[in-house]
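Just so you know, these numbers use all the heavy atoms, side chains as well, and skip hydrogens, waters and symmetry mates.
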Amino acid sequence: MRILVLGGTWFLGRAVAQAALERGWEVSAFNRGRSGVAPEGVTEIRGDRTVPADVADLAVHGPWDAVIDTSASELAPRDVLAGARSLEQAAGAYVFVSTVNAYRGWPDEPLTESSELLDGPADADIEYGRLPADWDGPDWYYGRQKAGAERAALTTFSADRVSILRPGVILGPGEYVGRLPWWLHRARSGGPMLAPGAPDKGVQPIDVRDLADFALEQAQAAGGGSYNVTAPMGHATMGGFLNACLEVTGSSGHLVWASDALLIDHGVKQWTELPLWRTNAGAWRVDSSRAQAAGLWCRPLADTVADTWQWLRTGGTPVEHPRWAEHGMSGVREAEILAKLVD
Ligand SMILES: NC(=O)c1ccc[n+]([C@@H]2O[C@H](COP(=O)([O-])OP(=O)(O)OC[C@H]3O[C@@H](n4cnc5c(N)ncnc54)[C@H](OP(=O)(O)O)[C@@H]3O)[C@@H](O)[C@H]2O)c1
C-alpha cells in the first residue's frame with residue numbers, strides 16, 4: 001500500500017505513519033514542518049493546507065492508494081474541500097478523522113452513527129459557527145467545523161471511497177493535550193489524590209495506536225462509511241484508570257473520591273480541571289460497536305497508561321502546546337476540596 005498521511009508528525013498522524021511503516025507500506029506525510037517530526041522512512045512533503053498553491057501541488061507527489069486525513073482539527077471545511085478536490089484523482093480512498101463533537105447530541109445524549117450531525121456546510125470558512133466571547137450556551141464551533149469538513153470529504157470522494165472516523169478522547173504516547181500526562185504527574189507526586197465522581201463510572205478513551213490501526217484498516221477496505229471510534233462501553237472505569245496511574249508511577253498516593261455534586265458545588269471545570277471527568281449523560285455512552293465489528297481492537301486502558309508513563313519518563317515531551325496548560329488542578333485547590341471531604 002502507498003499512503004499519504006495529512007499530518008504525520010504529531011500524535012495521531014505520527015502513530016498512523018509509524019504503524020503503516022511497520023506494515024511495510026510506503027508512506028508520505030504532508031505538513032508545514034512546525035509540529036514534531038515524522039518517523040524515519042516517511043517521505044515528507046512540505047506545505048500548508050490553508051495555502052491554495054500548496055494544496056494544488058500536492059497531487060503531483062501521488063498517486064496513493066489512500067489518504068488518511070489527521071490534520072484537520074483547526075482547519076475550515078473549505079480548506080478540507082480544497083484538499084479533497086486536489087487529491088480526488090490522485091488517491092483511491094479518503095479516510096477522514098473527525099470527532100464525536102460533530103454530533104448535535106454530544107455530550108448530552110448517547111450516540112450512534114445515526115445520531116444527528118451538526119450543521120456546517122462543506123465550503124464554510126473558519127468563522128462559521130464562531131461564538132461571541134461572552135457566549136454562555138453550548139459551544140458547537142469545533143463540532144460544526146468538523147461536521148462541515150466531513151461533508152467536504154463526502155461531496156468530493158464518492159461514498160464507496162470514504163471512511164469517516166469519529167473518535168472521542170484519544171490517549172497514549174505522544175499526547176500533547178495533557179490529559180493523561182496530568183493525571184500521571186499528579187499520581188506520581190503521591191498523597192491523597194482527589195478522584196472525581198464514582199470509581200465504577202465507565203470511560204471510553206481510545207488508544208492512539210488502536211485508532212491508527214483502525215484508520216489503516218479503513219484505508220485498505222475503502223468506503224466503510226462512518227464509525228464512532230471509542231473503546232467499547234464497559235471497557236474501562238474511572239477507578240481502574242486512576243488506580244493504573246498510581247500503580248505505574250509507583251506512587252505512595254491513594255484515591256479520595258468526591259461526588260459529582262460536591263465537585264460541581266466547588267465549581268470544578270469539567271473535562272479540563274480534572275481531565276476526563278464529565279457528568280453529561282452522553283459523555284461516555286458512545287456506541288462504537290460498528291467499528292468493533294469492522295475490526296477495531298482496543299487494548300486495556302492500563303496498557304495505555306503504562307506506555308504513556310514510559311514515554312514521559314524517557315523524555316517524551318511534545319512541542320509546547322497551549323492545550324497542555326489548560327489541564328489540571330492546582331495543589332492548593334485540590335487540598336481545599338479534599339479538606340471538605342474529611343470535615
Ligand atoms: N486529540 C484528541 O483527543 C482528538 C479527539 C477526537 C478527534 N481528534 C481529531 O484527530 C485528528 C488528529 O488530531 P491530533 O491531535 O493528533 O493532531 P492535530 O493537532 O489535529 O494535527 C497536527 C498535525 O497536522 C499538521 N498540520 C496542522 N495544521 C496544518 C496545516 N495548516 N497544513 C498542513 N499540516 C498541518 C501538523 O504539522 P505542522 O504543524 O508541522 O504543519 C501535525 O502533523 C484531528 O482531526 C482531530 O480533530 C482528536
Side-chain angles (χ1 to χ4, degrees), residues 1-33 35-47 49 57-72 83-84 86-98 153 157-158 160-165 167 170-176 206-225 227 229 231 288 290-300 303-304 306-308 310-311 314 316 318:
M1 283 280 284
R2 196 162 186 263
I3 63 163
L4 170 67
V5 183
L6 300 180
T9 53
W10 171 264
F11 200 32
L12 176 60
R14 191 172 204 286
V16 168
Q18 182 65 47
L21 290 172
E22 284 163 15
R23 291 180 182 213
W25 294 7
E26 212 178 303
V27 183
S28 306
F30 178 75
N31 55 71
R32 297 164 302 179
S35 324
V37 282
E40 206 178 317
V42 167
T43 303
E44 297 254 30
I45 307 166
R46 285 277 174 268
R49 295 186 71 179
D57 284 351
L58 186 48
V60 303
H61 300 273
W64 297 279
D65 297 303
V67 178
I68 304 181
D69 186 342
T70 70
S71 67
S86 163
L87 290 167
E88 197 272 328
Q89 294 291 313
Y94 195 111
V95 179
F96 180 74
V97 180
S98 183
F157 280 72
S158 54
D160 60 340
R161 295 164 65 200
V162 181
S163 297
I164 304 283
L165 312 188
I170 309 170
L171 300 181
E175 190 216 317
Y176 65 94
I206 179 91
D207 188 291
V208 67
R209 296 159 293 180
D210 299 335
L211 173 55
D213 272 331
F214 187 65
L216 296 184
E217 291 302 317
Q218 286 304 305
Q220 230 167 354
Y227 295 97
V229 194
S288 54
R290 185 167 191 272
Q292 265 102 51
L296 173 67
W297 176 80
C298 296
R299 72 196 67 209
D303 291 0
T304 305
D307 294 346
T308 305
Q310 174 67 12
W311 166 71
T314 50

Inset, instruction - Please report the closest heavy-atom contact between Ala231 and Ser288, naming both atoms and the distance. - result: O-OG, 3.7 Å
Legend entry - Qualifying residues under salt bridge (Lys or Arg N to Asp or Glu O under 4.0 Å), relative to Glu26, sequence neighbours excluded: Arg2
Legend entry - Spatial distance of atom OG1 (Thr304) from atom CH2 (Trp311) [nearest 0.5 Å]: 13.0 Å
Inset, instruction - Could I get the full list of salt bridge (Lys or Arg N to Asp or Glu O under 4.0 Å) partners for Arg32, not counting sequence neighbours? - result: none
Legend entry - N/O donor-acceptor pair under 3.5 Å between Arg49 side chain and Phe30 backbone: no
Legend entry - Those residues that, when tested against Arg14, pass salt bridge (Lys or Arg N to Asp or Glu O under 4.0 Å) (two or more places apart): none
Legend entry - 4.5 Å side-chain heavy-atom contact, Ser71 and Asn31: no
Inset, instruction - Could you check Ile170 against Leu211 for side-chain contact (heavy atoms from CB on, under 4.5 Å), going step by step and ending with a plain yes or no? - result: CA-CA 8 Å; Ile170 309 170; Leu211 173 55; 3.5 Å; yes
Legend entry - Closest contact, heavy atoms only, His61 versus Asp57: CD2-O, 3.7 Å
Inset, instruction - Output yes when a side-chain donor or acceptor of Thr9 lies under 3.5 Å from a complementary backbone atom of Ser35, and no otherwise. - result: yes
Inset, instruction - Measure across Pro167 and Ile206 and return the closest heavy-atom pair with its distance rounded to 0.1 Å. - result: CB-CG2, 4.4 Å
Legend entry - Which residues share a side chain to side chain donor-acceptor pair (under 3.5 Å) with Ser86, sequence neighbours left out: none
Inset, instruction - State the OG-CD1 distance between Ser98 and Ile164, to the nearest 0.5 angstrom. - result: 6.5 Å
Inset, instruction - Return the orientation label for the Tyr176 and Phe11 ring planes: parallel under 30°, perpendicular over 60°, tilted otherwise. - result: perpendicular
For residues 213-225, please give each side-chain donor-acceptor pair under 3.5 Å, one per line with the distance, not counting sequence neighbours.
from: Glu217; atom 1: OE2; to: Arg23; atom 2: NH1; distance (Å): 3.0
from: Glu217; atom 1: OE2; to: Arg23; atom 2: NH2; distance (Å): 2.9
from: Gln218; atom 1: OE1; to: Ser163; atom 2: OG; distance (Å): 2.8

Inset, instruction - Locate the shortest heavy-atom distance separating Val27 from Ala20; write the atom from each residue and the value. - result: CG2-CB, 3.6 Å
Legend entry - Shortest non-hydrogen contact from Val42 toward Ser28: CG1-C, 4.1 Å
Inset, instruction - Apply the side chain to side chain contact (heavy atoms under 4.5 Å, CB included) test between Leu4 and each candidate in Asp65, Thr43, Asp69, Leu58; give the one that qualifies. - result: Leu58
Legend entry - Shortest non-hydrogen contact from Met1 toward Ala66: CE-CB, 4.4 Å
Inset, instruction - Go through the structure and list residues passing salt bridge (Lys or Arg N to Asp or Glu O under 4.0 Å) with Asp207, not counting sequence neighbours. - result: Arg209, Arg299
